[in-house]
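Structure record follows, encoded as structure tokens.
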Amino acid sequence: MSSLQPVRGTHDLLPDESMRHRWVEETAFAAARRYGYGEIVTPIFEFTDVFSRTLGDTSDVVTKEMYTFTDRSGESITLRPEGTAGVARAFISNGLAQSLPLKLFYRGPMFRHERPQKGRLRQFHQVGVELLGVESPVADVEVIALAWRVLSELGLGGKVRLEINTLGDSESRLAYRNTLTAYLSEFRSALSEDSRNRLDRNPLRVLDSKDEGDRRIVENAPPMGESLTPAAREFFEQVTSGLARLGIPFITNPRLVRGLDYYCHTAFEFTTTALGAQGTVLAGGRYDELIAQMGGPRTPGIGWAAGVERLSMLVEAVPSALRPISIIPMGDDLAAVAVAERLRRAGMVVDMGFSGNMKKRMARANKANARFAVILGEEEGARNAVTIRDLDTGLQDEVPLAMLEEHFGRLV
RNA sequence: GCGGGUGUAGCUCAGUUGGUUAGAGCGCCAGGUUGUGGUCCUGGAUGUCGUCGGUUCGAUUCCGAUCACUCGCCCCA
């Protein structure tokens with residue numbers, strides 16, 4: 001039995017659901033194109049280094065969630081757990097420093113060996129964008145504006161909340177890390193076990209602990225703002241005033257920290273309360289040092305990724321598919337398929353069953369939500385005509401066979 | 001990775017205080033209508049009661065393990 005089940009945390013997308021996914025993806029891509037983005041397709045696996053070097057040794061993604069295996073050449077290969085590292089690698093591999101600034105959109109499956117829950121799968125799908133080569137906070141504003149545009153067009157404007165924070169430049173970050181560590185160390189024994197670990201590995205994460213006791217301690221922690229260099233503060237100020245100017249609603253959350261090590265300056269998250277513990281629906285930030293860290297020319301970047309499954313669970317109305325025309329043969333199926341083919345060549349959506357009497361075929365047409373049925377009866381056939389039934393009104397007409405395309409052309 | 005819940009027909013779920021033919025609604029199939037769907041009526045099929053093992057004369061029911069889903073934590077899209 002186990003071999004007939006999909007692997008834990010994976011699942012099949014049947015046509016109805018895959019339609020929703022496709023719509024989410026296409027909506028995101030269409031918006032991204034309006035902002036000048038082109039699609040990049042990178043491999044879904046990379047040498048393990050690509051991820052382990054960039055995501056940080058302390059992140060869970062690297063320490064316990066990667067699908068890593070050795071291939072037949074003895075290389076360590078990893079199924080991509082996120083999109084940015086692969087894009088950064090492709091940027092370097094292809095010498096794209098030539099063509100900055102660069103706006104890239106991507107989509108596709110990601111893999112993380114986590115414990116599955118609703119909205120959390122081992123194979124899931126993301127859409128994302130990366131804007132490379134722009135130092136200015138205008139890039140942050142535009143990238144967040146694109147995220148907001150995508151969510152709005154999916155009808156989720158009222159369901160999500162944008163939280164934003166700055167992690168500062170490396171100088172600010174280091175300074176803050178020190179003051180925060182000093183502060184938290186005083187309360188070390190009062191912290192939860194998880195947070196004591198965080199304190200050692202990545203103290204910033206203590207800030208968004210859900211533990212009550214931790215929260216009380218964190219409330220009085222020195223805020224990040226005080227450790228920011230003037231330049232970092234000015235940068236963040238530009239980002240927030242840019243968003244305000246575009247009328248994009250947001251709240252600043254000084255405790256927002258991103259999990260992956262490569263982020264700096266702007267960090268943001270769109271969250272919902274509708275998905276339980278998996279409330280983050282789209283998230284991103286700036287990563288000015290990532291490409292340099294990988295061995296490429298220092299190139300600033302900012303981007304985000306969104307979970308297609310999570311978005312698709314929130315989306316209500318997916319535009320309905322085109323309603324087909326159903327062909328109903330009365331005896332000569334080959335003649336019927338020829339008629340179907342004519343209409344399809346003319347660009348129409350045409351459905352035709354492979355068996356059954358007329359009643360059954362009409363029922364099928366109805367189930368397919370067909371707009372019209374083309375009935376190929378003997379009587380009309382003798383006059384080189386067909387009957388066209390409007391399935392909404394129940395009215396039907398006889399139309400000469402030769403006029404079919406023209407007839408439907410007028411209706412559409 | 002840690003802790004809790006659940007697992008009966010394609011779907012949503014009843015049920016069996018352990019007993020021989022396991023149910024409903026929806027869906028599906030057929031008929032009422034030899035050339036007409038959506039409504040209605042009639043009839044029908046469907047389950048290794050998640051899997052493996054244990055206890056028992058007997059297990060879908062009790063016990064154990066396992067797998068999957070699910071809720072929370074960790075973390076994240």
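Below, chains carry the letters A, B, ... as their sequence lines are ordered, and counting in each starts from 1. Any value given below was found using the heavy atoms of this structure, including those in side chains, with hydrogens, waters and symmetry copies removed.
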Worksheet, complete the sentence: A:R198 atom CZ is separated from B:rG1 atom C1', nearest whole Å, by 14 Å

Worksheet entry | Closest to the A:R112 side chain, choosing from B:rC76, B:rU36, B:rC71 | B:rC76

Discussion item. For A:E380 and A:T387, which I'm curious about, is there any donor-acceptor pair between the side chains at under 3.5 Å?
Written reply: yes

Worksheet, complete the sentence: Between A:A305 and A:Y106 the two heavy atoms that sit nearest each other are CB-OH, 3.6 Å

Discussion item. Measure CG/A:L311 against P/B:rC76 and give the value in whole Å, please.
Written reply: 18 Å

Worksheet item: Looking at the side chain of A:D194, which of B:rC29, B:rG3, B:rC74 is the nearest nucleotide?
Response: B:rC74

Worksheet entry | Pairing partner of B:rU60 (Watson-Crick or G-U wobble, both distances under 3.5 Å) | none

Discussion item. Contact list please: residues 32-46 of chain A against RNA chain B, heavy atoms, distance less than 4.0 Å, in numerical order.
Written reply: none

Worksheet item: Should the pair A:R122-A:E114 be classified as a salt bridge under the 4.0 Å nitrogen-to-oxygen rule?
Response: no

Response to the item:
B:rC69 -> Watson-Crick or G-U wobble partner, both distances under 3.5 Å, gives B:rG5

Item to complete: Check the pair A:L314, A:T272 against side chain to side chain contact (heavy atoms under 4.5 Å, CB included), reporting the backbone distance first and the verdict last.
Response: CA-CA 9 Å; A:L314 293 180; A:T272 174; 3.9 Å; yes

Fill in: Rounded interatomic separation in angstrom, taking CZ from A:R361 and P from B:rC29
14 Å

Worksheet item: B:rA68 P sits how many Å from A:L121 CG, rounded?
Response: 13 Å

Worksheet item: How about A:Y287 and A:Y262: are their ring centres within less than 6.0 Å of each other?
Response: yes

Worksheet item: Can A:R33 be said to sit on top of A:F29's aromatic six-ring, NZ or CZ under 6.0 Å from centre and within 45° of the ring axis?
Response: yes

Worksheet item: Counting side-chain heavy atoms from C-beta on, which of B:rG37, B:rC75, B:rC69 comes nearest to A:P116?
Response: B:rC69

Practice prompt. Would you mind telling me which of B:rG35, B:rA77, B:rC74 lies closest to the side-chain atoms of A:F124?
Written response: B:rA77

Fill in: N or O in side chain of A:R310 less than 4.0 angstrom from B:rA77 OP1/OP2
no

Discussion item. Nearest whole Å is fine: how far is B:rG38 P from A:R364 CZ?
Written reply: 16 Å

Discussion item. Could you identify the nucleotide paired to B:rC74, looking across every strand shown and requiring Watson-Crick or G-U wobble geometry with both distances under 3.5 Å?
Written reply: none

Worksheet item: Nearest to the side chain of A:Q5 - B:rA68, B:rA77, B:rG35?
Response: B:rA68

Worksheet item: Taking only N and O in the side chain of A:K360, is any of them less than 4.0 Å away from OP1 or OP2 of B:rA30?
Response: yes

Discussion item. With a cut-off of less than 4.0 Å, is there a side-chain N or O of A:K210 near OP1 or OP2 of B:rC73?
Written reply: yes

Worksheet, complete the sentence: As its Watson-Crick or G-U partner within any shown strand, both distances under 3.5 Å, B:rG44 has B:rC28

Worksheet item: Should B:rU36 form a Watson-Crick or G-U wobble pair with both distances under 3.5 Å, which nucleotide is its partner?
Response: none

Worksheet item: Counting any heavy atom closer than 4.0 Å, what does A:A305 reach on the DNA or RNA strands: base, sugar-phosphate only, or nothing?
Response: sugar-phosphate

Worksheet item: What's the closest nucleotide to the A:R115 side chain, out of B:rC2, B:rG72, B:rA77?
Response: B:rC2

Response to the item:
Regarding the side chain of A:M362, the nearest nucleotide among B:rG35, B:rU36, B:rC75 is B:rU36

Discussion item. Tell me the interatomic distance from A:M330, atom CE, to B:rU34, atom C1', rounded to whole angstroms.
Written reply: 10 Å

Fill in: Side chain of A:N366 - closest among B:rC76, B:rG38, B:rU36
B:rG38

Worksheet item: Taking CG from A:D12 and P from B:rC69, how many angstroms apart are they, rounded to a whole number?
Response: 12 Å

Worksheet item: According to the interplanar angle, ranging from 0 to 90°, do the rings of A:Y183 and A:F187 count as parallel (below 30°), tilted (30 to 60°) or perpendicular (above 60°)?
Response: tilted

Worksheet entry | Heavy-atom closest pair, residues A:L228 and A:G168 | CD2-CA, 3.7 Å

Practice prompt. Would you indicate, yes or no, if B:rG35 has its OP1 or OP2 atom less than 4.0 angstrom from a side-chain nitrogen or oxygen of A:K359?
Written response: no

Practice prompt. State which of B:rC76, B:rG37, B:rC28 makes the closest approach to the side chain of A:K367.
Written response: B:rC28

Worksheet entry | Which nucleotide in B:rC75, B:rG35, B:rG72 has an atom nearest any side-chain atom of A:Q117 | B:rG72

